[in-house]
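Input: a single structure, listed below in structure tokens.
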Amino acid sequence: MPDKPTLDGLEDRWAQVWDEGAVYAFDRSKSREQVFSIDTPPPTVSGSLHVGHVFSYTQTDTVARFQRMRGREVFYPMGWDDNGLPTERRVQNYFGVRCDPALPYDPAYEPPAEPGKQQVPISRRNFIELCERLTVTDEQAFEAMWRRLGLSVDWSMTYQTIDANARAISQRAFLRNLARGEAYMSEAPTLWDVTFRTAVAQAELEDRERPGAYHQLVFRGPGGQDLPIATTRPELLPACVALVAHPDDARYQPLFGQSATTPVFGVQVPVVAHRLADPEKGTGIAMVCTFGDVTDVTWWRELQLATRPVIGWDGRFVPEPPPGVDGAAARAAYAELAGATPVTARERIVARLREAGEMLGDPRPITHPVKFFEKGDKPLEIVTTRQWYIRNGGRDEKLRTALLDEGALLQWVPPHMRVRYDNWVSGLNGDWLVSRQRFFGVPVPVWYPLDDAGNPVYDQPLIPAGGQLPVDPSTDVPGGYEPGQRGVPGGFAGDPDVLDTWATSSLTPQIAGRWSYDEDLFKRVFPMDIRPQAHEIIRTWLFSTLLRSHYEHGEVPWRSAAISGWILDPDRKKMSKSKGNVVTPTDLLVDYGSDAVRYWAASARPGTDTAYDIGQMKVGRKLAIKLLNASKFVLGFGEPAAGATVTEPIDKAMLAELAATITAATKWLEELDYARALELAESFFWSFCDNYVELVKDRAYGETPVPGIASARVSLRLALSAIVRLFAPFLPFVTEEVWSWWHDGTVHRAPWPSVAELGPATEDADPAVLAVASEVIAAIRKAKSAARVSMRTEVASVRVTGPAARLEQLARADGDLRAAGRAAAIDRVEAAGGDLQVAVAL
RNA sequence: GGGCCGUUAGCUCAGUUUGGCUAGAGCGCCUCCCUGACACGGAGGAGGUCACAGGUUCAAGUCCUGUACGGCCCACCA
């Protein structure tokens with residue numbers, strides 16, 4: 001035990017000891033009932049960790065540590081989510097390369113030492129290798145920070161969402177979905193990001209308010225009459241395939257079944273009725289284009305309208321006019337738009353409409369929500385492409401109900417987060433689009449045979465054998481074919497796409513649990529006990545994991561979903577990199593110490609957004625230091641004599657209070673409410689130091705021959721032991737340090753404190769003895785404080801007036817009270833009334 | 001447009017599920033104390049019309065209705 005205990009250096013020292021002793025290693029011989037398994041969120045490896053990570057991962061770690069001390073074998077792996085667009089972009093910039101899946105793999109490839117101006121095209125497999133190379137460095141930095149923070153992860157069980165096992169599992173799960181009919185391919189209008197040139201899924205959308213303007217276009221009705229139509233996208237006029245109004249709209253009922261003529265292009269389009277047309281919007285009749293928005297898609301599909309696509313994959317108008325736009329004037333008008341962006345096309349078409357007098361008035365500016373890819377900065381377009389989907393209940397009422405029912409089986413912490421899930425599942429409007437036209441992801445594991453004309457036969461995909469996984473169809477060859485047959489008639493072609501990052505992330509329980517290649521491990525950890533995650537990815541990660549588990553295992557993948565809150569900066573905004581208000585977590589850990597930062601994180605109620613608050617970290621640091629000093633004090637009395645027992649009423653009272661604290665803290669931690677458990681432990685500890693220790697100090701020193709010396713020393717030790725373990729999940733470093741002063745093993749594998757270990761003393765305890773003594777000592781302190789004298793000052797007299805029962809309790813702490821208050825005697829005067837009156841004369 | 005969460009001391013938050021003494025804690029602030037675990041400490045003190053308006057009740061921070069403000073999630077862009 002050091003003379004001057006300090007927090008400095010504890011992190012490095014104990015992190016190393018834990019690592020060398022494999023303190024957090026998972027013992028895979030344990031059965032599922034003995035295991036507590038955590039489906040850890042794999043942080044995105046595309047930069048650095050921020051305070052929000054420290055916050056939420058600490059909260060999970062407190063639960064992991066608690067369960068471990070309770071005797072559960074904790075399965076606590078860590079993954080790195082390095083699969084996806086953010087990494088892809090970094091690799092392009094870092095190495096100066098770009099992925100071209102048409103290129104062959106070069107096993108000897110080395111990137112340029114310095115990125116050049118022109119990005120070098122390389123094969124997908126080479127690109128993935130560079131991604132893996134770059135992310136390794138980041139992952140090491142992440143791991144170092146997690147270790148310093150004290151996460152009790154088994155570091156031998158890390159995974160990457162792009163590593164070979166993850167790719168194999170992702171592909172295997174996809175192929176099993178395909179075999180069971182849960183995955184399918186379809187050519188259909190798709191939300192399309194023109195910057196990244198990829199399809200995106202509903203879960204990746206966000207609405208952004210954007211300025212727009214209603215333009216009133218004059219169509220020609222069947223009788224030649226004017227038919228004004230309001231639209232925010234006049235440039236899509238050549239894509240117009242119908243006009244639609246509500247069936248009950250008397251203004252337009254006479255037109256249903258007839259035709260109207262588009263301005264400028266002179267195309268005849270049907271006037272049709274549909275319930276989604278809103279009589280209140282615009283002129284009550286809308287033009288349907290292929291495709292301006294998702295409502296257009298609905299109308300197009302349900303009303304079986306013509307198809308006149310004008311926007312290409314690059315987001316520009318295609319060179320040739322769509323079918324139906326074939327008059328000479330129409331072709332000439334379209335030629336002005338060909339190759340243009342929608343913005344340019346809009347200006348041109350508006351000019352032409354004005355010229356022809358076919359626009360009414362000026363555009364009326366509005367603000368309206370526009371759909372964006374969450375990572376993109378241009379509005380999404382809708383183009384028709386061939387894509388892979390996984391059925392998710394968006395078009396299947398039975399499946400949707402089943403998924404809602406499974407969501408209800410989860411224990412949601414906090415409970416109201418379930419609403420987010422229910423809303424999302426109820427609002428699904430289509431199946432899950434899982435293919436992406438990107439590169440750094442898990443390849444869609446199929447090839448297609450090529451017919452005699454060299455066209456892919458999409459409905460007869462070639463499937464890899466199970467042992468072949470993971471495959472990259474752009475470099476690997478399907479069974480029965482030769483490499484030379486790639487791309488030639490009668491040969492084969494690989495699917496060029498990758499799977500959505502969530503199509504792999506949705507399998508983290510399977511990846512961490514090594515499903516399909518280590519079934520023995522998987523059955524010991526699955527379904528998992530807890531899924532900790534943030535609320536904004538309930539619609540993606542949580543939902544898709546539940547869906548995949550539903551298909552693959554027919555059950556919910558976890559018992560509990562612990563939804564963490566966000567860190568807010570002092571302006572109540574979410575902390576984020578883009579706002580430039582992110583604090584580097586490493587600096588915090590160095591400045592305040594890991595335990596202090598953990599204390600701040602663990603003080604926040606589960607699921608609650610929390611202000612970034614240095615003040616709380618300072619409090620945590622103070623607590624850790626107090627723990628050092630209190631331990632030094634208690635342990636300074638040495639080992640209690642053999643057979644020493646707790647005999648004094650005040651000692652019993654303290655232990656009874658401790659017992660109540662243990663019981664309540666245990667209950668809260670079992671319910672994942674680490675914050676309440678911490679609050680209880682803390683509150684007990686401060687009262688223990690300020691009241692109990694001060695009261696019994698003199699007796700414990702034993703310099704005067706009073707009874708109960710041994711009782712005080714035994715009680716102090718019993719209490720300290722339990723206190724250190726109560727704090728161990730929250731302050732792993734300082735508790736380990738203190739524990740090491742009088743124990744050999746680690747505190748983090750020591751048993752969680754119990755009421756039983758406190759012995760029989762708590763059974764006949766009267767907790768009021770300590771409460772009354774604390775009240776009287778406080779009154780004595782108050783008198784000294786008011787008189788501005790030292791607490792050591794001798795007191796002339798103390799007279800306590802109150803009911804007999806309370807005086808009797810007071811009498812049982814008389815010796816300790818006189819010693820602590822420096823009072824020769826404490827007079828007790830019986831009187832009616834509930835409260836004690838304490839008169840102190842100095 | 002629909003939904004969820006929040007609004008309590010200068011600050012950060014408990015307390016609301018199940019209504020019940022004079023609404024709590026910590027930080028900060030003020031005053032004091034170098035006492036043999038700790039001055040990286042200790043003692044004491046000041047500080048709140050519980051966002052607002054109604055309602056239910058013997059009794060409302062707590063239950064009901066509405067409003068405002070803050071935040072979040074979702075939503076078919078005419």
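Basis for what follows: all heavy atoms, side chains included, without hydrogens, waters or symmetry-related copies. Keep in mind the model is a prediction, meaning the values are calculated, not measured.
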### Query
Parallel under 30°, tilted from 30 to 60°, perpendicular over 60°: which one fits the rings of A:F55 and A:W600?
tilted
Worksheet entry | Phosphate contact (B:C74 OP1 or OP2) by A:Q202 side-chain N/O below 4.0 Å | no
- Determine the contact category for A:W686: base if any of its heavy atoms lies under 4.0 Å from a base atom, sugar-phosphate if only primed atoms, P, OP1 or OP2 are that close, otherwise nothing. sugar-phosphate
Of the listed B:G36, B:C74, B:C73, the closest approach to the A:W424 side chain comes from B:C74
Phosphate OP1/OP2 of B:C74 contacted by A:R539 side-chain N/O (<4.0 Å): yes
Quick note, A:R605 side chain, CB onward, closest among B:C72, B:U31, B:A14 is B:A14
Testing B:G71, B:C40, B:C76 for proximity to the side chain of A:D609, the answer is B:G71
Of the listed B:C4, B:G71, B:G42, the closest approach to the A:H416 side chain comes from B:C4
Mate of B:U7 across any strand shown (Watson-Crick or G-U wobble, both atom pairs under 3.5 Å) is B:A68
Between CZ of A:F685 and C1' of B:A25 the distance, given in whole Å, is 17 Å
Worksheet item: For atom C1', what is the distance between B:C50 and B:U8, given to the nearest Å?
Response: 4 Å
Rounded to whole Å, CZ of A:R208 lies from P of B:C72 at a distance of 14 Å
A:K632 atom NZ is separated from B:C40 atom C1', nearest whole Å, by 13 Å
At under 4.0 Å between heavy atoms, what does A:E703 touch on the DNA or RNA strands: base, sugar-phosphate, or nothing?
base
Check: A:K371 side chain, B:C77 base, donor-acceptor under 3.5 Å | no
Using Watson-Crick geometry (N1-N3 plus N6-O4 or O6-N4) or G-U wobble (N1-O2, O6-N3), each under 3.5 Å, B:G1 is paired with B:C74
By nearest-nucleotide position on RNA chain B, the 5'-leaning member of A:I382 and A:E694 is A:E694
Checking B:C38, B:G45, B:C77 against the side chain of A:K782 (C-beta onward), the nearest is B:G45
Under a 3.5 Å limit on both distances, the Watson-Crick or wobble mate of B:A39 is none
Margin query: If the cut-off is 4.0 Å, is A:K784 near the phosphate of B:G42, judged by side-chain N/O to OP1 or OP2?
Written below: no
Whole-Å distance, A:L628 CG to B:G41 P, equals 12 Å
Of A:I229 and A:L7, the one whose closest nucleotide on RNA chain B sits nearer the 5' end is A:L7
* Between A:N429 and B:C76, does any side-chain N or O lie under 4.0 Å from OP1 or OP2? -> yes
**Prompt:** Expressed as a whole number of Å, how far does the C1' atom of B:C63 sit from that of B:G15?
**Reply:** 16 Å
Distance col, row A:F291:CZ vs A:T298:OG1, nearest 0.5 angstrom, shows 10.0 Å
When rounded to whole Å, the CZ to C1' distance for the pair A:R822 and B:C33 reads 13 Å
* **Donor/acceptor link under 3.5 angstrom from A:E679 side chain onto base of B:G26** => no
Under-4.0 Å side-chain N/O to phosphate OP1/OP2 contact, A:K4 with B:A39:
yes
Here the distance between atom C1' of B:G15 and atom CG of A:L680, to the nearest Å, is 13 Å
**Item:** Atom C1', compared across B:U17 and B:A60: separation rounded to whole Å
**Value:** 16 Å
Checking B:G3, B:G44, B:G42 against the side chain of A:A778 (C-beta onward), the nearest is B:G44
Quick note, A:N423 side chain, CB onward, closest among B:G2, B:G42, B:C76 is B:G2
If you measure from the C1' atom in B:A59 to the same atom in B:U18, how many Å do you get, rounded? 16 Å
Note to self: What contact category does A:L627 fall into here, base, sugar-phosphate, or nothing, at under 4.0 angstrom with non-hydrogen atoms?
What the structure shows: nothing
### Message
Give me the distance, rounded to whole Å, that separates B:G6 from B:G45 when you measure between the P atoms they each carry.
### Response
34 Å
Across every strand shown, the nucleotide meeting Watson-Crick or G-U wobble geometry with B:C13 (both distances under 3.5 Å) is B:G24
query = Would you call A:D193-A:K378 a salt bridge at under 4.0 Å N-O?
reply = no
Rounded to whole Å, the CZ-P distance (A:R676 to B:U17) equals 12 Å
_Say we look at B:U16 and B:C21: how far apart would their P atoms be, to the nearest angstrom?_
13 Å
From CD1 of A:I614 across to P of B:G28 the rounded distance in Å is 13 Å
How is A:D690 classified with respect to the nucleic acid when contacts are heavy atoms under 4.0 Å: base, sugar-phosphate, or nothing?
sugar-phosphate
Among B:C73, B:A43, B:U12, the one nearest any side-chain atom of A:S785 is B:A43
### Query
Does A:E671 pair with A:R676 as a salt bridge, N-O distance under 4.0 Å?
no
| request: Determine the interatomic distance between P on B:C4 and the same-named atom on B:C58; round to the nearest Å. | output: 31 Å
Subject >> Stacked cation flag A:R364 on A:Y214, 6.0 angstrom / 45 deg >> reply: no
Problem - Salt bridge present between A:D207 and A:K371 (N-O < 4.0 angstrom) - result: yes
- Using the C1' atom on both, measure B:G54 against B:A14 and round to a whole Å. 28 Å
#### Entry: A:R420 vs B:C73: side-chain N/O to OP1/OP2 distance below 4.0 Å
no
By the Watson-Crick or G-U definition, both distances under 3.5 Å, B:C30 is matched with B:G44
If you define the side chain from C-beta out and look only at heavy atoms, does anything of A:E302 sit under 4.5 Å from A:R275?
yes
Testing B:A43, B:C77, B:U12 for proximity to the side chain of A:A611, the answer is B:U12
Check: A:G638 main-chain N/O paired with A:R717 side-chain donor or acceptor under 3.5 Å: yes
Of the listed B:G41, B:C72, B:A43, the closest approach to the A:K622 side chain comes from B:G41
Partner of B:U49 under the Watson-Crick or G-U wobble criteria, both distances under 3.5 Å, comes out as none
Check your understanding: Taking it one step at a time, do A:D651 and A:R699 satisfy salt bridge (Lys or Arg N to Asp or Glu O under 4.0 Å)?
Key -> CA-CA 11 Å; A:D651 299 338; A:R699 174 158 51 94; 2.9 Å; yes
Base, sugar-phosphate alone, or nothing: which one does A:V619 contact when heavy atoms must sit under 4.0 Å apart?
sugar-phosphate
